[in-house]
**Q** 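Here it is, the structure in full.
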Amino acid sequence: MRRPIIAGNWKMNNALAAARDLVRGLLEQADDISEVDKVIAPPFTALLSIKEILRGSSIKLAAQNIHYEEKGAFTGEIAPAMLEEIGCDYVIIGHSERRAYYNETNETVNKKIFSALKHGIIPIVCVGETENEWERGVTREVITNQVAGCFADLSKEEVAKMIIAYEPIWAIGTGKTATPEQAQEVHTQIRELIARGFGSEAASLVRIQYGGSVKPENTAALLSQPDIDGALVGGASLQIDSFVEIIRETARLTV
Ligand code: PEP
């Protein structure tokens, strides 16, 4: 069985004081939940401070974005080596908000994956269809394209250690959730695409999270599906109680 992984994407929320409070609360309540990999993705300005608070704990740190160039004239961007220096363990790449508002494409996602891996940072790569694509019944095609574009030229070893987050865009921050069966169907498709492109070992090792209005009440149903290995959580990761409860629900499924 793959080890479950729950990641909280704080997006552009929580300045330093709030970020520190949230993470201290998480440490108190979730540090000792050993059955689940736990990751938080605070904004850039809080990364260093949060890393210091997390030192020695079981909770890992993620950035919400990375640039694919090593350095240079890219005003406002953050280089991979800067995230490595802080000690980021993971980085979210290709979130639908970045694709929608900052022109992120499968090609830039692909380049970012390479630069993260080069710096020892594990990518959490987001894929997912829009509401319009969902309604038109073209989810399979969209996912096939995203997987082909995002993971082009990676080795099977690289793919095996990555995290993929399937996030139907119509379910992000909307309170709508894919049913466990709908999510499982897409996760199966993603695993099959990975098997076809990178072999069955990579497909059985790669962890695929579901994201889109995950909350404590729907965690068990979603994560008990065989190909759902965790969750990427937005809104519910901003409250200690709900995020901890999602982690606890996940841990319960492992016994
Ligand atoms: C997200 O932004 O990755 C996300 C899944 O958000 P929410 O949980 O709020 O839908």
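One-based numbering along the sequence shown. Both ligands and their constituent atoms are indexed starting at 1 by order of listing.
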**Q** Heavy-atom contacts with Ser213 under 4.0 Å: which atoms of ligand 1 show up? List them by number with element.
**A** 7 (P), 8 (O), 10 (O)

**Q** Taking atom NZ of Lys156 as the centre, report whether more than 12 heavy atoms of other residues, nucleotides or ligands fall under 6.0 Å from it.
**A** no

**Q** Please determine if Lys11 and Glu97 form a salt bridge, counting it only when a charged side-chain N lies under 4.0 Å from a carboxylate O.
**A** yes

**Q** May I ask which of Gly173, Ala165, Ala231, Ala7 has a heavy atom nearer to atom 10 (O) of ligand 1 than the others do?
**A**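 Nearest heavy atom to atom 10 (O) of ligand 1 lies in Gly173.
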
**Q** In terms of side-chain geometry, is the basic nitrogen of Arg252 or Glu245 positioned less than 4.0 Å from the acidic oxygen of its partner?
**A**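 Yes, Arg252 and Glu245 are salt-bridged.
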
**Q** I'd like to check which ligand 1 atoms, numbered from 1 as shown, lie under 4.0 Å from a non-hydrogen atom of Gly212.
**A**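 Atoms satisfying the 4.0 Å criterion: 5 (C), 10 (O).
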
**Q** Any atom of ligand 1 sitting under 4.0 Å from a heavy atom of Lys11?
**A**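 Yes; Lys11 lies near enough to ligand 1 that a heavy-atom distance drops under 4.0 Å.
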
**Q** Could you tell me, atom by atom, which parts of ligand 1 come under 4.0 Å of a heavy atom of Gly235?
**A**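 Near Gly235, meaning under 4.0 Å from one of its heavy atoms, ligand 1 has 7 (P), 8 (O), 9 (O).
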
**Q** Under a 4.0 angstrom heavy-atom cut-off, which atoms of ligand 1 come close to Ala171?
**A**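 Once the distances to Ala171 are compared, the set is 10 (O).
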
**Q** Short N/O distance, under 3.5 Å, between Gly234 and ligand 1?
**A**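 Yes, at least one N or O pair falls under 3.5 Å.
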
**Q** Between the side chains of Arg99 and Glu104, is the shortest nitrogen-to-carboxylate-oxygen separation below 4.0 Å, so that they form an ion pair?
**A**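 Result for this pair is no, no salt bridge flagged.
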
**Q** Got an N/O contact under 3.5 Å between His95 and ligand 1?
**A**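 In this structure, His95 places an N or O atom under 3.5 Å from an N or O of ligand 1.
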
**Q** With sequence neighbours excluded, give me every salt bridge (charged side-chain N to carboxylate O under 4.0 Å, His left out) pair touching residues 189-198.
**A**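 Output for this query lists Arg191-Asp227, Arg191-Asp229.
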
**Q** Sequence neighbours left out, what pairs pass ring pair (Phe, Tyr, Trp, His ring centres under 6.0 Å) with at least one residue falling in residues 68-89?
**A**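 Applying ring pair (Phe, Tyr, Trp, His ring centres under 6.0 Å) to every pair that reaches into residues 68-89, excluding sequence neighbours, yields His67-Phe74.
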
**Q** With a 6.0 Å cut-off (strictly less than), is the heavy-atom count around CD of Glu185, excluding the residue itself, greater than 12?
**A** no

**Q** To which protein heavy atom is atom 5 (C) of ligand 1 closest, and what is the distance rounded to 0.1 Å?
**A**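 Scanning the protein heavy atoms, the shortest distance from atom 5 (C) of ligand 1 goes to Glu167 OE2, 3.1 Å.
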
